[in-house]
Amino acid sequence: MSNDFPELGVHPDNWTRKHLLTLEELSVEELNILLDKAQIFRNAFDAGNRKHSLLTSHTSVTLFFENSTRTRTSFTLAAQRLGASSIAFTASTSSLSKGETVIDTAKNLEAMGCESMIVRHSTPGIPRLLSENVNCCILNAGDGPHEHPTQGLLDILTIRQHLGSLEGKTVALVGDIAHSRTARSNIWGLKKLGAHVIVCGPSTLVSPYWEKMGVEYCYKLDDILTRVDVLNLLRIQFERQNTKPFPSVREYAALYAMNKERLRKAKPNVLILAPGPINRGVEVTPDVADGSQSAILEQVSNGLAVRMAALWLVDGVRRKEKGLI
Ligand code: NCD
C-alpha cells in the first residue's frame, strides 16, 4: 500500500467485511470505523488532498439497474480518487435484454478482472445474492426499498459533523417511509448510535409497524417540530407504488413540506437533510432547501468521503484474503 496518506493509518484488523450490504448487520464498532475513516477522507478533501494512490491496482464496476445521479457519480469519483479505475455497466444496453441473468452478468464482468462491484437493483437482496456468487467486493448502492447503506452513513456523518455525538439526539425521517431504503438504513444506523428516531408521514406510508424497529411514528409533522434536532426529508417513491398514497401532491405538500413557517416553529438550529433528488415544493420548499440550515449539499460531499472509506475498507479485506497486505 502506498504511504501517501498516513492519517488514514493501516487497514484496521477489526474491519473484516469484504462486502457492504446493510447497516442492519453492522456493529457499533464497525459503524464508527466507517464514519471515522470517512471523516479522515473528508478532512483531506477539504485540505485539498483529493487524490490518493491507495487502490491503484483496483477496478471498480458500477452495476446499476435503476437510475441514479448522486450515488453512481459519487462511487465512480470515490474509486478514481483512491487511484482505482472505474467503469460503468448500463443495464438497458446490456445482454440482460437477451435473457442473461444478473448472476451471469456479474460473473462475466468479474472474469474481465474487477475487484469491486457497486450494485443498485429494484429487487431487495440482489447485492447479497451477488456477494454469494462472485469473489469481488460487493457494495450495495440501494436494493429496492430495503437498504442504502452508504446513504445512511453519509446522512449520519453529516449529523455528526453538525451535532457531535448522535447519542440522545432526535432525528425525524419524513415522507415515504414505507418504500424508502434511505429510511431503513438511517433507522438501523441511528438507533445503534443512540439517537431517537421518529418516522412521520401519511398513514398510507407510515404505520404502527415501525415501532417494532424501535422508532416512534407519527402522522403530523406539525406535532413533532419542536422536539426534533434533525429533519431528513424523503422523496415520495412513486416508482415503487401501485396505488396512490394520498389524493394529490398538493395535499401532501400542505401537510408535510418543510417550509419557512414550519422552520420558524422548529428548534432554532434544526438541521435540514434530504437524500436527493429533491422535489422542490413537495417535501421541501426552495427557501428551506437552499437556506442556512440546510446541509443537503454537504451530504453530497460527505457521500464521496463515505464511499472512499467503504471501498478502502472492503478492499483491504480482499487484499488480506489474497495475502497482498
Ligand atoms: C435515494 C435512492 O435512490 O434511494 N437517492 C440517492 O441515492 N441519493 C433516495 C431517492 O431516490 O429518493
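Reckoned from all heavy atoms, side chains included, excluding hydrogens, waters and symmetry mates. Since the structure is predicted, the reported quantities are computational estimates derived from the model, not experimental observations. Whatever order the structure lists them in is the order used to number ligands and atoms, beginning at 1.
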Atom indices of ligand 1, in the order listed, that fall short of 4.0 Å to a heavy atom of [X]:
X: T71; answer: 6 (C), 7 (O), 8 (N)
X: Q151; answer: 6 (C), 7 (O), 8 (N)
X: R70; answer: 8 (N)
X: R120; answer: 2 (C), 3 (O), 7 (O)
X: H148; answer: 2 (C), 4 (O), 6 (C), 7 (O)

Report the nearest protein non-hydrogen atom to [atom]: residue, atom name, distance rounded to 0.1 Å.
atom: atom 3 (O) of ligand 1; answer: R181 NH2, 3.0 Å
atom: atom 5 (N) of ligand 1; answer: G276 O, 2.9 Å
atom: atom 11 (O) of ligand 1; answer: R235 NH2, 3.0 Å

Contact with ligand 1 for P275, non-hydrogen, under 4.0 angstrom =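 P275: in contact with ligand 1 (<4.0 Å).
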Proximity flag P277 to ligand 1, non-hydrogen atoms under 4.0 Å |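 Checking ligand 1 against P277, which is what was asked, there is a heavy-atom contact under 4.0 Å.
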Which one of Q299, H179, Q237 has a non-hydrogen atom at the shortest distance from atom 10 (C) of ligand 1?
->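 When every heavy atom of Q299, H179, Q237 is considered, Q237 comes closest to atom 10 (C) of ligand 1.
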Basic-acidic side-chain contact under 4.0 Å: K320, D13 |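 A salt bridge links K320 with D13.
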Short N-O contact, R181 and D143, less than 4.0 angstrom |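 D143 and R181: not salt-bridged.
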Give me the one residue out of V171, I187, L190 that meets side-chain contact (heavy atoms from CB on, under 4.5 Å) with V215.
->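 With V215 as partner, side-chain contact (heavy atoms from CB on, under 4.5 Å) holds for just one option, I187.
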Partner set under side chain to side chain donor-acceptor pair (under 3.5 Å) for E30, not counting sequence neighbours |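 If we apply the side chain to side chain donor-acceptor pair (under 3.5 Å) test to E30, skipping adjacent residues, the hits are R17, S27.
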Fit a plane to each ring of F41 and F5, take the angle between them on a 0 to 90° scale, and name the class: parallel (under 30°), tilted (30 to 60°) or perpendicular (over 60°).
->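 Ring orientation of F41 relative to F5: tilted.
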For atom CZ of R250, decide whether the heavy atoms of other residues, nucleotides or ligands shown that lie under 6.0 angstrom number more than 12.
->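 Open: at most 12 neighbouring heavy atoms sit under 6.0 Å from CZ of R250.
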If you count the non-hydrogen atoms of other residues, nucleotides and ligands that lie under 6.0 Å from OH in Y209, is the total more than 12?
->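 No, because the 6.0 Å sphere around OH of Y209 holds 12 heavy atoms or fewer from other groups.
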Step through it carefully: locate the ring centre of W312, locate the ring centre of H11, and say whether they are under 6.0 Å apart.
->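 Yes, ring centres under 6.0 Å apart.
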Between E239 and ligand 1, which part of the residue brings a heavy atom under 4.0 Å of the ligand: side chain, backbone, both or neither?
->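 Within the 4.0 Å criterion, E239 makes no contact with ligand 1.
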